[in-house]
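Reading through the structure tokens given below for one structure.
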There are 2 protein chains.
Amino acid sequence: MTLSEEDYIKTIYHLAKGEGHSITTNAIADQMETKPSSVTDMLKKLSDKNLVNYKKYKGVSLTEKGAITALSIVRKHRLWEVFLVDKLDFAWDEVHEVAEQLEHIKSDKLIDKLDNYLGNPRVDPHGDPIPTKEGAFKKSVKKLISELPVGCQGVCVGVNDSSAAFLKFLDKNRISLGDTLTILEKEDFDGSVSIAINEKEMRISDQIASNLFLEVLENK
Amino acid sequence: MTLSEEDYIKTIYHLAKGEGHSITTNAIADQMETKPSSVTDMLKKLSDKNLVNYKKYKGVSLTEKGAITALSIVRKHRLWEVFLVDKLDFAWDEVHEVAEQLEHIKSDKLIDKLDNYLGNPRVDPHGDPIPTKEGAFKKSVKKLISELPVGCQGVCVGVNDSSAAFLKFLDKNRISLGDTLTILEKEDFDGSVSIAINEKEMRISDQIASNLFLEVLENK
DNA sequence: ACAAATATTTAGTTTTGTCTAAATTTATTT
DNA sequence: AAATAAATTTAGACAAAACTAAATATTTGT
Ligand SMILES: [Mn+2]
Ligand SMILES: [Mn+2]
Ligand SMILES: [Mn+2]
Ligand SMILES: [Mn+2]
């Protein structure tokens with residue numbers, strides 16, 4: 001597998017949110033900041049290698065083999081992120097670019113030993129679960145703030161958009177993973193949400209609410 | 001710089017043993033297990049980028065810029081080797097292939113933090129010196145056993161040939177970096193050398209003697 | 001149902017890095 | 001000083017991964 005093939009497989013996996021449903025050519029192109037025609041070329045190649053199910057004009061999904069591959073790359077990406085934050089003292093909003101490179105290093109032995117060295121972590125610095133070597137996954141019950149009703153209380157466990165801009169915003173507003181958050185009110189007009197966090201009340205935009213994951217404790 | 005360009009620069013650096021003298025096209029091709037014509041193509045490109053001095057048919061050497069680049073790659077390679085051995089518990093003869101990949105990860109911040117995390121080591125697991133960020137180099141006074149006279153005593157600090165085969169041979173014969181070794185006798189006929197190491201005497205072939213570096217303590 | 005808009009694929013190029021085969025230059029013999 | 005051998009370069013081809021522009025398929029709006 002080339003680096004580029006791996007990035008495509010991972011992107012398809014993420015766009016399908018781990019489920020097997022069909023993804024469009026343009027969605028992949030948008031996500032990877034490339035052209036749809038380039039995506040088509042690659043989908044043919046991945047299909048020849050039995051990594052994806054691809055039917056012209058009908059979208060694409062991962063095969064069993066493709067899903068296993070995706071999980072192994074995700075595993076490596078997230079383990080390296082833990083290494084960068086826990087051992088090298090990177091901030092959680094600085095690790096993505098480097099992990100994007102490190103995830104492509106080829107050595108089973110390396111990743112086994114790294115996993116062990118880090119104490120077999122179950123989640124990465126963004127609260128996302130780390131698949132086991134066998135591809136097993138702690139199915140997390142997390143949901144976006146925008147998807148939850150008023151009254152819900154939960155723990156911030158992850159982000160949807162992990163762009164540096166968004167992560168910086170969270171830092172600036174003293175929102176960290178592990179913080180407990182309560183949804184106080186929702187505004188239909190603009191989708192903004194009023195929340196309680198760290199003993200304070202604040203209002204966040206729909207853009208924020210639809211990019212911050214909560215592990216729900218109570219949901220009535 | 002592409003991964004391939006980096007590997008060429010590093011190979012030229014190693015073939016010149018850190019000195020600036022001229023290297024032949026075939027020597028590079030042999031070392032990299034590629035064809036001379038491919039080397040010629042790459043030398044033209046590196047010359048266009050001012051990384052090497054190249055004159056048709058006359059060999060190639062690194063420019064100042066090329067040497068700085070080479071040292072930065074060597075630095076990364078050796079720091080990663082220390083990480084693999086010290087932190088992840090790799091054996092010293094298992095690290096090369098992985099370090100060959102890791103040396104190409106692009107992030108100044110990463111390598112600074114890694115250096116710091118490892119305690120700013122001065123040598124890698126093979127006893128080779130690690131250049132500083134500024135490209136400075138503790139010029140080591142090490143020499144091959146084959147180059148030293150009878151009576152010399154020194155510490156094993158490195159290998160010339162770091163092939164897995166050679167490293168395995170050393171392990172099997174209980175020769176490790178850090179061991180003190182004395183040269184007892186040299187046989188003109190076949191270049192074999194009689195040595196004392198770890199309270200034992202043994203005879204090593206010229207092939208071994210010309211691939212094991214000693215940091216000389218006494219040289220009379 | 002049909003026209004217009006949108007999504008996707010195809011065709012033809014480009015860049016990078018490799019290769020083989022042929023041509024050329026340099027080195028070594030006789 | 002030729003003749004031969006070895007080293008090196010050139011020419012032409014190919015695969016991977018990207019692009020632009022054009023063609024085709026699908027979806028949407030009326
Ligand atoms: Mn990547
Ligand atoms: Mn992450
Ligand atoms: Mn390398
Ligand atoms: Mn080394």
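What you see is a predicted model; the values in this text were computed from it and never measured. Residue numbers start from 1 in every chain, and the chains themselves are labelled A, B, ... in the order their sequence lines are given, proteins ahead of strands.
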Check whether any side-chain nitrogen or oxygen of A:Asn26 sits under 4.0 Å from OP1 or OP2 of C:dT8, and answer yes or no.
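Indeed, a polar side-chain atom of A:Asn26 lies that close.
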
*Does a nitrogen or oxygen in the side chain of B:Ser4 sit under 4.0 Å from OP1 or OP2 of C:dT16?*
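Checking C:dT16 against B:Ser4, no side-chain N or O comes under 4.0 Å of OP1 or OP2.
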
What is the distance from [atom1] of [X] to [atom2] of [N], rounded to the nearest Å?
| X | N | atom1 | atom2 | value |
| --- | --- | --- | --- | --- |
| B:Leu43 | D:dA7 | CG | C1' | 14 Å |
| A:Leu46 | D:dA16 | CG | C1' | 13 Å |
| B:Ile28 | D:dA7 | CD1 | C1' | 13 Å |
| A:Asp7 | D:dA18 | CG | P | 9 Å |

For residues B:Asp128 and B:Val123, determine if any side-chain heavy atom of one lies less than 4.5 Å from a side-chain heavy atom of the other.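 The answer is no; the side chains never approach within 4.5 Å.
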
Close side-chain approach of A:Ile28 to A:Val60, heavy-atom, < 4.5 Å: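 Contact flag for A:Ile28/A:Val60 side chains = yes.
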
### Message
Quick test of your reading of the model: are B:Asp115 and B:Arg75 salt-bridged, counting only N-O distances below 4.0 Å?
### Response
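Yes, B:Asp115 and B:Arg75 are salt-bridged.
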
Which pairs of donor and acceptor atoms, one on a side chain in residues 6-15 of chain B, lie under 3.5 Å apart (sequence neighbours left out)?
| from | atom 1 | to | atom 2 | distance (Å) |
| --- | --- | --- | --- | --- |
| B:Glu6 | OE1 | B:His104 | ND1 | 2.6 |
| B:Glu6 | OE2 | B:Lys106 | NZ | 3.2 |
| B:Asp7 | OD1 | B:His104 | NE2 | 3.0 |
| B:Lys10 | NZ | B:Glu100 | OE1 | 3.1 |
| B:Lys10 | NZ | B:Glu100 | OE2 | 2.8 |
| B:Lys10 | NZ | B:Glu103 | OE1 | 2.8 |
| B:Lys10 | NZ | B:Glu103 | OE2 | 3.0 |
| B:Thr11 | OG1 | B:Asp7 | O | 2.8 |
| B:His14 | ND1 | B:Lys10 | O | 3.4 |

Quiz question: by atom type and distance under 3.5 Å, do the side chains of B:Asp190 and B:Ser192 form a donor-acceptor pair?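 Looking only at side-chain atoms, B:Ser192 and B:Asp190 do form a donor-acceptor pair, the distance falling under 3.5 Å.
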
request  = Would you jot down, in residue-number order, the residues of residues 30-42 of chain A having a non-hydrogen atom under 4.0 Å from DNA chain C?
outcome  =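 Under 4.0 Å from DNA chain C: A:Pro36, A:Ser37, A:Thr40.
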
Proximity to DNA chain C (any heavy atom under 4.0 Å), residues of residues 51-59 of chain A only: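 Listed by number, they are A:Tyr54, A:Lys56, A:Tyr57.
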
Quick check: closest heavy atoms across A:Val85 and A:Pro125, and the distance to 0.1 Å?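 Smallest interatomic distance, heavy atoms only, reads CG2-CG, 3.6 Å.
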
Task: Any donor-acceptor N/O pair, B:Ser72 side chain to B:Ile68 backbone, under 3.5 Å - done: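 Not a single qualifying donor-acceptor pair exists.
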
Please check if atom CD in B:Glu147 has more than 12 non-hydrogen atoms from other residues, nucleotides or ligands closer than 6.0 Å.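 Yes, because the 6.0 Å sphere around CD of B:Glu147 holds more than 12 heavy atoms from other groups.
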
